[in-house]
There are 2 protein chains.
Amino acid sequence: MTGIGITSNQRGRNVAEGLATAIHEHRLSPGMKLNEDEVGEIFGVSRTIVRSALQTLSHAQLVVIEPNRGAFVARPSIREAREVFEARALLETRTAHSAATRATTEDIALLKRHIDEEHWAFDAGETGRALRLSGDFHIEIARIANQATIAAFVRQLVARSSLIIALYWRRRQATCESHAHHALLKALEAHEADRAKELMTSHLVDLLSLLDLTEPTDAPASLKEAFRLP
Amino acid sequence: MTGIGITSNQRGRNVAEGLATAIHEHRLSPGMKLNEDEVGEIFGVSRTIVRSALQTLSHAQLVVIEPNRGAFVARPSIREAREVFEARALLETRTAHSAATRATTEDIALLKRHIDEEHWAFDAGETGRALRLSGDFHIEIARIANQATIAAFVRQLVARSSLIIALYWRRRQATCESHAHHALLKALEAHEADRAKELMTSHLVDLLSLLDLTEPTDAPASLKEAFRLP
DNA sequence: GAGGCGAAAATCGTATACAATCTGGGAATA
DNA sequence: TATTCCCAGATTGTATACGATTTTCGCCTC
């Protein structure tokens, strides 16, 4: 469920989702060049489709397209990083509040499974997948809140957060994530809307505070190895 | 300043802006078919560019692309209408608050000119242009708030509001707009952040309450006459 | 060895050709 | 007359060709 905006173009959408998932799982790093021919070869489509996918990703701000130079995985600035988390705090306090009042037992069960899966992935050392799942947890809450418009924004912000984390996350303590998520789940389950709201705020503030917002240094790896091709 | 997301594609961007402005000014109505060849002929570009522009607009949710059927100006549902205004209330209370604390005298002067222009357009019977300008007022406030991320969302929501108004606005009393804007301006000028916040909220609630949220009936007109071609 | 120059290679931007799909209307049938 | 079927025309989906621009890299000069 690596949600990207609506593309009629089914094949383009597939390529966009493939690239987006790779970004979420940190197999593609910020700044990496996305060569049109190369991407086309990997997904078995022509450049027409690739361009459509890259345009989609650029609208989601996961990719930056430089005229006549090509597409690159975005490298959010420090400023952008703060803004994204501020916007998330604004939107997700709302989704958390609303989700707490609306969550059904099925919703809660789903979220529980989600957290478990996140835990397994983390314990199995699949940090990329764990990271993506932890983002999906937030997206799931937005979905439960039943506000498609806000949910779409949250999806985009979560996706961008993944890039921000790739760039600025230096300490290694990913466990705190799932503790916060667990607390949030409890509040949702008990329909304690105000508590959910506050837990969400502090969770996001926490995340931001754990970032090392100084100039990043980065050496983009190769595109092909992100998709395990020779 | 009919802002649309970043397309590297300069020509595609121009077409997207042209179409978006036409939508904002209600020259293109919800549901209207946007034939690729026809749009291409109007703007003097090939279908490649048109498709890129349509994709851009579909990401902004101004256009809906139905696979193998083509692109249509979006027809937001009643549900969507409420959601858009709710999201606007959430985001724009923030931008209003922030803008009130940050607005410089130049910002205020700019906003004043904006309101004046809106008035002139309205008095001159150019309701389309007046409508677009009144949306731009909100976008300008978001810009002053100096939060690019939130501002981008507001831009998108304002654009969608224009479609919602086209579909659901039936009573004719567009003057209230500029009164509310004037009051808002005063609060911004006096740096009364909380007051600006509340004025913005009530302004948006007002707007929503003036809509006739019942099933719309609409007969899309022709594409060419929107651009005054024979 | 550093720096500048220029041609070749790589890559992107756009138009266009052709295939796939949809649409509308008329003929055949009940 | 109403309904179904089918085909021609229109329209979108995708690949590819070609021009424009950028990048690379060998070569020359200092």
Side-chain angles (χ1 to χ4, degrees), chain A residues 4-19 28 31-59 61-75 219-224 226-227 229, chain B residues 4-19 28 31-59 61-75 219-224 226-227 229:
Chain A
I4 287 297
I6 294 97
T7 317
S8 84
N9 194 332
Q10 188 56 51
R11 319 228 263 138
R13 184 218 280 283
N14 287 343
V15 175
E17 292 242 344
L19 290 172
L28 290 176
M32 191 180 293
K33 172 87 189 274
L34 299 173
N35 181 289
E36 295 181 355
D37 281 324
E38 217 171 332
V39 173
E41 203 181 344
I42 289 170
F43 288 93
V45 296
S46 81
R47 277 181 54 219
T48 305
I49 309 294
V50 174
R51 296 194 110 240
S52 156
L54 291 176
Q55 213 187 307
T56 296
L57 294 172
S58 94
H59 284 115
Q61 313 227 87
L62 290 185
V63 151
V64 171
I65 296 180
E66 298 184 25
N68 280 314
R69 293 203 55 244
F72 302 82
V73 179
R75 306 178 86 254
S222 100
L223 177 57
K224 293 209 172 178
F227 292 95
L229 295 180
Chain B
I4 288 298
I6 294 100
T7 316
S8 85
N9 193 335
Q10 188 55 52
R11 317 227 266 138
R13 185 218 280 282
N14 287 342
V15 174
E17 293 243 343
L19 290 172
L28 290 176
M32 190 180 292
K33 173 89 189 275
L34 299 173
N35 181 289
E36 295 181 356
D37 281 324
E38 218 171 332
V39 174
E41 203 182 342
I42 288 170
F43 288 92
V45 295
S46 82
R47 279 180 53 218
T48 307
I49 309 296
V50 174
R51 297 194 113 240
S52 156
L54 291 176
Q55 213 186 308
T56 297
L57 293 174
S58 94
H59 283 114
Q61 314 227 81
L62 290 186
V63 152
V64 171
I65 297 179
E66 298 183 25
N68 281 313
R69 294 204 52 245
F72 302 82
V73 178
R75 306 178 88 254
S222 101
L223 177 57
K224 293 210 171 174
F227 291 96
L229 294 180

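In what follows, every chain begins at residue 1, and chains take the letters A, B, ... in the order their sequences are listed.
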Study note, to complete from the structure: Counting primed atoms, P, OP1 and OP2 as sugar-phosphate and everything else as base, the B/S/- map of nucleotides 5-10 of chain D against protein heavy atoms under 4.0 Å is ------
Short N/O separations, protein against nucleotides 15-18 of chain D, under 3.5 angstrom:
from	atom 1	to	atom 2	distance (Å)
dA15(D)	OP1	Arg11(A)	NH2	2.9
dA15(D)	OP2	Ser46(A)	N	3.2
dA15(D)	OP2	Ser46(A)	OG	2.5
dA15(D)	N7	Thr48(A)	OG1	2.6
dT16(D)	O4	Thr48(A)	OG1	3.4

Practice item. Ignoring backbone atoms, establish whether Arg69(B) has a side-chain N or O less than 4.0 Å from OP1 or OP2 of dT23(C). Key: yes
Check your understanding: Taking Ser52(B) for the side chain and Thr48(B) for the main chain, is one N or O donor matched with an acceptor at less than 3.5 Å?
Key -> no
Check your understanding: Atom CG of Asn14(B) and atom P of dT14(C): how far apart are they, to the nearest Å?
Key -> 10 Å
Review point. Among all residues two or more places apart in sequence or in another chain, which pass the side chain to side chain donor-acceptor pair (under 3.5 Å) test with Asn14(B)?
Key: Gln10(B)
Review point. Within the pair Asn68(B) and dT23(C), is there a side-chain N or O less than 4.0 Å away from OP1 or OP2?
Key: no
**Study point:** Rounded interatomic separation in angstrom, taking CD from Gln55(B) and P from dT14(D)
**Key:** 11 Å
Review point. Are Asn9(A) and dT12(D) close enough that a side-chain N or O sits under 4.0 Å from OP1 or OP2?
Key: no
Exercise for review: List in chain and number order the residues that pass side-chain contact (heavy atoms from CB on, under 4.5 Å) with Val45(A), two or more places apart in sequence or in another chain; answer none if no residue qualifies.
Suggested key: Arg11(A), Val15(A), Phe43(A), Ile49(A), Val50(A)
Point to revise | Ala71(B): partners by side-chain contact (heavy atoms from CB on, under 4.5 Å), with sequence neighbours left out | key: Leu34(B), Leu54(B), Val63(B), Ile65(B)
Review point. Closer than 4.0 Å, any side-chain N/O of Lys33(A) to the OP1 or OP2 of dT22(D)?
Key: no
Check your understanding: What's the CG-C1' distance between Asp37(A) and dT11(C), to the nearest Å?
Key -> 7 Å
